[in-house]
Amino acid sequence: MTNHPPRYTPEQIEQRWQERWELDGLYRAKIDPARPKYYALTMLPYPSGDLHIGHWYAMTPSDARARYLRMRGYNVMYPIGFDAFGLPAENAAIQRGIHPKQWTYSNIANMRKQLRSMGAMWDWDREAVSCDPEYYKWTQWIFTQLFKHGLAYKKLSPVDWCPNCNTTLAREQVWGDDRHCERCKTPVIKKNLNQWYFRITKYADELLNFEGIDWPERVRTLQTNWIGRSAGAQVTFLSAAADPIEVFTTRPDTLWGATFMVLAPEHPLVAKLTTPAQTAAVDAYIAEVTRRTDIEREATGKDKTGVFIGAFATNPVNGAQIPIWIADYVLVTYGTGAIMAVPAHDERDFEFALKFGLPILPVIDRPDGLTKSCAPAGTMQPGFAAALRAENIACEELDGALCCTIPPSKVARYVEIAQRFVQPGKWTEVIGTRWEFIFGPQDTAVWNSQPAGQEILARCQQLDAPARSKRTLMELLWAVEFYRDALYHSEYGAMINSGDFTGTPGATAKNKVTDWLQQQGSGKTAVTYRLRDWLISRQRYWGTPIPIVYCPACGQVPVPDDQLPVQLPEDVEWKPTGESPLKLHPNWSNTTCPKCSQPAQRDTDTMDTFMCSSWYHLRYLSPKFADGPFDPREFAYWMPVDSYTGGAEHATMHLIYTRFFHKVLRDLGITSGEEPMAQLRNQGQILGPDGQRMSKSRGNVIDPDAQVRKYGADTVRAFLMFGYRWVDGGPWGTDNIEGVSRWLNRVWALATEAGPAAGTKTDADDARSLQRITHQTIKKVSDDYESYEFNTIISALMVLTNALHKLRATAGASPAWEAAVNTLLKLMAPATPHIAEELWAQRGCRTPYIRKHGRNTTQRQPPMRC
RNA sequence: GCCGAAGUGGCGGAAUUGGCAGACGCGCGCGACUCAAAAUCGCGUUCCUUCGGGAGUGAGGGUUCGAUUCCCUCCUUCGGCACCA
């Protein structure tokens, strides 16, 4: 053997091709109405300093897919940029004395280099960097647009504050049971601050509609739950002094069972309604609740606390006077901050009523028909059990008591028998679907109203000493363990004990009552959301300044368009004081009012960085455009984003904000279309080899640069596609990458080594099976790119490679062989572009770039030749 | 507690309009090449087996000629929400 073909040396070929692609501007996306467009987008990185293997995992398959679509003939735009504002820059500045700007831009320079080593087809001409003044000018402009249209407002309220990051956080940035900061894991505290909010709640209903977009079920569910729409009614109760107290309820059909009210301790009416006798207790309770942090509230569990404020309200459906309490299980931030308590059909209210001895009245029939009766020893005369048995009513003895679960059809019969057998001076009862107390023959009492319940309780207390300690009838029944599962339920069912509405079936009850309330003028249908408005003020330096000026005469004035951007000053102290660094600047905040030219002050907070990332996909369209946030011509051609990929951890943050922005801008006439991203796919996460999240402190971080040096970018790319289900991710596998490396070497050998000697006979069957597997691979690879199943793309390519290997001796001289090798290279090109390009060129193919070759299909077409 | 997703060899993972379970890769075993090793190549590799077979996709049940795939119950893991009226 004298003529050894050159070995596969990725370090020699990869950089060469990257430079050539760049030089020829191969991946510059230009508007071309003749071709179908495809906007492929992957979530922009934060310039933390080093490209992480996680970036590779997220971006490589996206890039491969974009390259695939390009080969299919689409005009593909695949842009990249940096989400460059944010806390890490400032923290690095504090720790190392580097200016956040310098830190950020040098990181960006480094990451650009690293990103290029991936061999991705990014259009660097479209790069956008969110901390560039030309970028944040338009972030500010969008803010002023929202302000002018009443969608941005300032409000003093208790907000979540991270004591480590020294700034406020949006609600969705507070995570976990201990309510910690999403970024640094420090538990948050509450502060009362005057802050800017965006009215995202105005778009709640629209954000619930995912029609026409192809997003993962999981993200849609997360967003739906986060928005948390509940439909019901708002009902007005009146205090003795006729103050209206509004409550929100999803169960207007239970109004007749509202036996008390609960207001949030912070409810504005509390001070006014509290009677003098209760003032001290109420003040003490409020003080205690305010002192407690949310975490302590959580720690105290669900044990209900509360206090009676001395006042009563009138239930609008029956005029009943019901006591008003305050309790911290009612949240001032949800609904109206006040509830009607229906203890018989709401678990929390039930618990509260039981604890504080408040009355309970069942008003909804049990749909499951569960009916129970329990007669302690000595309650019934002998023969009772036998009489029941004769009726086929099954009972069991529990601690001497005769406990029966009565079939619905036998309830009436049971009552008759019990009447006959109850001992004089004793009683028994039937509960569940019926609430009837049996004192003797011809002597039963039905619990169908609050007063009736009181009377029954009084009778029982006369007969039975232990009952005298019970404050309510329900408390008496709760003492019987056997009854517990039948005393409370929250199902829909026929209305009972509800005046004229008694008997209304569960299916229609809610609507009938709501309609009636509306006629009476004491209620209306209402919808409440869990979603809160988006708090965007941050008390940090490295962010977009809020373009608002406070004028003593004119109030809040947005900075006019021609004065944007409000530049971030560079000469600041960024010590973490808890105040905005911009506030401490000697003169930055001093300005003049854009309206009246009198001295005025700038807002010294900066914006949540999620604002920057809510519209970056629009800036990519035309990052240098000066007459607006983007060039409308580019928008018209490229939008919406056809495929958006990134982590699912952004489901309730970035991915909801960006939809909100899009809809706002649409309503302002700036954009069009319902949604910004037509299709979304989430990738999973790469963990350390130990199965733990990669982190420097654990020492399990995989450095992509080192892997590229060792194996080459193509191997790393193909391994990341091959080793995992993309949606799942998993631990970095140190072993599997060797297999991918071997595969590329085998491909190299196949394409470069001399074939069988001239004149070697071809086995027709083998040539045919080579052709068959070639076409099967084309189909498999195409289908799997469409469905983001990247691991099976690589395995299909390996299968084809193995077949080539095996059939070389017998089919290596056939046309099918040449077609198969060329097809393999083309099918590999999206995943492993450098080696494919190199071998393509080495084979003397006339088309200069493999990617220019048209689509591969399974449709009949001549064997591909280069 | 509520909602959602997922459980397949020693490992990563294939296969679902219901049709040969374990593709592809790792690892492992045997062999070739080599003085030797690495690399490479070839063969084998779900488990049990008395070598005839038998069992097998988290567990149990059901539908079916046939179930990893569909239905019911349960278990485990992960993610989200959690006093949201």
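Atoms considered below: every heavy atom in the structure, side chains included; atoms not considered: hydrogens, waters and symmetry mates. The chains referred to below are lettered A, B, ... by the order of the sequence lines, with proteins before strands, and numbering in each begins at 1.
- Residue contacts for A:Arg746: at a heavy-atom cut-off of 4.0 Å it reaches the sugar-phosphate backbone alone, with no base atom in range.
- The side-chain heavy atoms of A:Trp325 and A:Leu263, taken from C-beta on, include no pair separated by under 4.5 Å.
- Looking at which nucleotide of RNA chain B each of A:Ser795 and A:Arg251 is closest to, the 5′-most match is held by A:Ser795.
- The aromatic rings of A:Tyr788 and A:Trp726 lie parallel to each other, their planes meeting at an angle below 30°, with 60° marking the opposite boundary.
- Relative to the side chain of A:Arg725, the nucleotides B:A14, B:A85, B:G25 differ in distance, and B:A14 lies closest.
- Of the candidates B:A23, B:C83, B:A15, the closest approach to any side-chain atom of A:Asp328 belongs to B:C83.
- Searching all strands for a Watson-Crick or G-U wobble partner of B:C2 with both distances below 3.5 Å returns B:G80.
- Regarding A:Asn802, its CG atom lies at a distance of 15 Å from the C1' atom of B:U40, rounded to whole Å.
- Non-hydrogen atoms lying under 4.0 Å from RNA chain B are contributed by A:Arg218, A:Leu222, all within residues 213-225 of chain A.
- Checking B:A85, B:A14, B:A23 against every side-chain atom of A:Asn791, the shortest atom distance belongs to B:A14.
- With B:C41, B:G12, B:C81 as the candidates, the nucleotide lying closest to the side chain of A:Arg530 is B:C81.
- Across all strands shown, B:U63 remains unpaired; no Watson-Crick or G-U wobble contact has both distances below 3.5 Å.
- The separation of B:U69 from B:U64, taken at their P atoms, amounts to 16 Å, rounded to a whole angstrom.
- Separation of the C1' atoms belonging to B:A15 and B:U68 is 9 Å when rounded to the nearest angstrom.
- A:Tyr329 has its side chain within reach of A:Ile339: a pair of non-hydrogen atoms, C-beta onward, lies under 4.5 Å apart.
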Restricting both atoms to N or O, compile the protein contacts to nucleotides 26-30 of chain B shorter than 3.5 Å, with distance only.
{"residue": "B:C26", "atom": "OP1", "partner": "A:Arg742", "partner atom": "NH1", "Å": "2.6"}
{"residue": "B:C26", "atom": "O4'", "partner": "A:Asn736", "partner atom": "OD1", "Å": "3.3"}

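- Here CG of A:Leu770 is found 4.5 Å from OG1 of A:Thr774. Values are rounded to the nearest 0.5 Å.
- A:Asn745 comes within contact range of no nucleotide atom at all, as no heavy-atom separation falls under 4.0 Å.
- A syn orientation is assigned to B:G52, its glycosidic angle lying within 90° of 0.
- For B:G9, the glycosidic angle deviates from 0 by 90° or less, giving a syn base.
- Between the CG atom of A:Asp783 and the P atom of B:U16 there is a distance of 11 Å, given to the nearest Å.
- Between the C1' atoms of B:U77 and B:G58, the separation comes to 10 Å (whole Å).
- Going from atom CD of A:Gln776 over to atom P of B:A14 covers 20 Å, rounded to whole Å.
- Looking at A:Ile702 and A:Ile686, their side chains never come closer than 4.5 Å, going by heavy atoms from C-beta outward.
- Separating the CG atom of A:Asp728 from the C1' atom of B:U8 is a distance of 14 Å, rounded to the nearest angstrom.
- Closest to the side chain of A:Met798, out of B:A23, B:G25, B:G42, is B:G25.
- Counting any heavy atom pair closer than 4.0 Å across all strands shown, A:Ser230 reaches sugar-phosphate atoms only and no base atom.
- Exactly one of A:Phe312, A:Phe350, A:Phe352 qualifies for a ring-ring contact (aromatic ring centres under 6.0 Å, His included) with A:Phe260. That residue is A:Phe352.
- The side-chain contact (heavy atoms from CB on, under 4.5 Å) with A:Trp256 is formed by just one residue from the set A:Leu361, A:Val342, A:Ile364, A:Val513; it is A:Val513.
- Two rings, from A:Tyr724 and A:Trp732, have their centers 6.0 Å or more apart.
- With contacts defined as side-chain heavy-atom distances shorter than 4.5 Å, the pair A:Met828/A:Val747 qualifies.
- Going from atom CG of A:Leu531 over to atom P of B:A82 covers 12 Å, rounded to whole Å.
- Taking CG of A:Leu750 as the reference point, atom CG of A:Leu824 lies at 7.5 Å (rounded to 0.5 Å).
- Across all strands shown, B:U40 forms a Watson-Crick or G-U wobble pair, both distances under 3.5 Å, with B:A32.
- As judged by a 4.0 angstrom heavy-atom cut-off over every strand, A:Gly684 is placed among residues making no nucleic acid contact.
- For A:Arg532 and B:C81, the CZ to C1' distance is 13 Å, given to the nearest whole Å.
- Here the nucleotide nearest the side chain of A:Trp226, chosen from B:A85, B:A15, B:C81, is B:C81.
- Projected onto RNA chain B by closest heavy-atom contact, A:Thr249 and A:His805 fall at different nucleotides, the more 5' of which corresponds to A:His805.
- At the heavy-atom level, A:Gly228 lies nowhere under 4.0 Å from the strands shown.
- Shown here, B:C47 forms a base pair with B:G54; the pair counts as Watson-Crick or G-U wobble because both key distances fall under 3.5 Å.
- Rounded to a whole Å, the CE atom of A:Met721 is 14 Å from the P atom of B:A14.
- With both ends at atom P, the span from B:U63 to B:C72 equals 15 Å, rounded to whole Å.
- A distance of 6.0 Å separates CD1 of A:Ile773 from CG of A:Leu800, quoted to the nearest 0.5 Å.
- Comparing the C1' positions of B:G54 and B:G31 gives a spacing of 31 Å, expressed to the nearest Å.
- On the P atoms, B:C48 is 15 Å away from B:G56, given to the nearest whole Å.
- Comparing the P positions of B:G7 and B:G12 gives a spacing of 12 Å, expressed to the nearest Å.
- The pairing partner recorded for B:G10 is B:C26, the criterion being a Watson-Crick or G-U wobble arrangement whose two distances lie under 3.5 angstrom.
- The same atom, P, is picked in B:C30 and in B:C78; the two are 39 Å apart, to the nearest Å.
- A straight line from CD of A:Gln685 to P of B:G12 spans 18 Å, rounded to a whole angstrom.
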